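Every chain is numbered from 1, with letters handed out A, B, ... down the list of sequences. Bear in mind that the values here come from a model prediction, so they are computed numbers and not experimental data.
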There are 2 protein chains.
Amino acid sequence: MSSSNNPTVEAAVLRANARFYRAFSRGDFVAMNELWAQHAPVTCLHPGSTVLRGRVNVLGAWRQIIADPPPFEMRCEKPEVQVYGPTAVVLCYEGNGEKAAHLAATNVFVLEENEWRMVHHQAGPLARVVASDAPPNPPSKPPPAAMN
Amino acid sequence: MSSSNNPTVEAAVLRANARFYRAFSRGDFVAMNELWAQHAPVTCLHPGSTVLRGRVNVLGAWRQIIADPPPFEMRCEKPEVQVYGPTAVVLCYEGNGEKAAHLAATNVFVLEENEWRMVHHQAGPLARVVASDAPPNPPSKPPPAAMN
């Protein structure tokens, strides 16, 4: 099979990937639960952990992770997608709060009921942190004209 | 989309996965090169490393890894496959030589020219090693009848 270079498809996968990190950061278990495939088998490899397999185990772990401690930001940086027909793989770096990204992740999605839904996530530590997409300091604003 | 529960398909994917670890362990770059997709885009996340993207980068790194130092055993333990149409995800644990498995891996394959070929590999450290598939000690043989 060959891969898709369809920007519309890639954008849809990246939106699903963004939903994953938004649900994670907001501690939104309902959104997290909706994001994962309902029919296709799901698996998860959290950093350092052994394989979680099946919706009960995978979502059960997410419920714990995003509920306790209270929600914290999990940023996704430099996401890039490869589409293989009805499956897509997103690779990205993950970081918390102000800190530079310290994890690398593989997120696998499948097209299910016309939605891109997650079937697998693996995250593992980077040997060196990766600089953020964002510039280190916000660009300085020009002074308001009224103050000149 | 739904997943396949076709044992023949799953066995074919697991054979491709076994070829990956055989090529790795034997330092067989020709086999490693043949295993990775020729047309579909390929990516790789080695433990601690940032994303490698494209055949030149991914296979260039494998050439170095399996040539220097000389080949060493990289075992694949407890491989389990999920098939999503023409794409498959194998999760397994990796260990060197006599040591218990110390890495968890995600291996993604696509069906290309009627062969299951690798398009992505991520391996990351386990917090605790995972016991081998093999029993810790060989089962004790009953004494030969002639000796009774």
[X] [atom1] to [Y] [atom2] distance, which is reported to the nearest 0.5 Å:
X: B:Asp28; Y: B:Glu34; atom1: CG; atom2: CD; answer: 8.0 Å
X: A:Leu35; Y: A:Arg22; atom1: CG; atom2: CZ; answer: 10.0 Å
X: A:Asn17; Y: A:Met118; atom1: CG; atom2: CE; answer: 6.0 Å
X: A:Thr87; Y: A:Trp116; atom1: OG1; atom2: CH2; answer: 6.5 Å

Which bit of [X] is near chain B, if near means a heavy-atom gap under 4.5 Å: side chain, backbone, both or neither?
X: A:Ser49; answer: backbone
X: A:Ala123; answer: backbone
X: A:Val130; answer: side chain
X: A:Ala37; answer: neither
X: A:Arg53; answer: side chain
X: A:Leu126; answer: both

Item to check | Option passing ring-ring contact (aromatic ring centres under 6.0 Å, His included) with B:His121 (candidates B:Phe20, B:Phe24, B:Phe109, B:Trp36) | outcome: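 Of all the options given, the one that passes is B:Phe20.
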
Item to check | Positive for side-chain contact (heavy atoms from CB on, under 4.5 Å) with B:Arg55, one of B:Val58, B:Leu59, B:Leu52 | outcome: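 Answer after filtering B:Val58, B:Leu59, B:Leu52: B:Leu59.
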
Checklist entry - In terms of heavy-atom pairs under 4.5 Å with chain B, which of A:Pro47, A:Ala127, A:Cys92 leads? => result A:Ala127

Item to check | Most chain B-contacting option - heavy-atom pairs closer than 4.5 Å, from A:Val108, A:Thr43, A:Leu103, A:Thr50 | outcome: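 It is A:Thr50.
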
Checklist entry - Hey, which of B:Arg128, B:Arg117, B:His120 has the most heavy atom pairs under 4.5 Å with chain A? => result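 The option with the most such pairs is B:His120.
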
Checklist entry - With a 3.5 Å cut-off and no angle check, do the side chains of A:Asn33 and A:Arg63 form a donor-acceptor pair? => result no

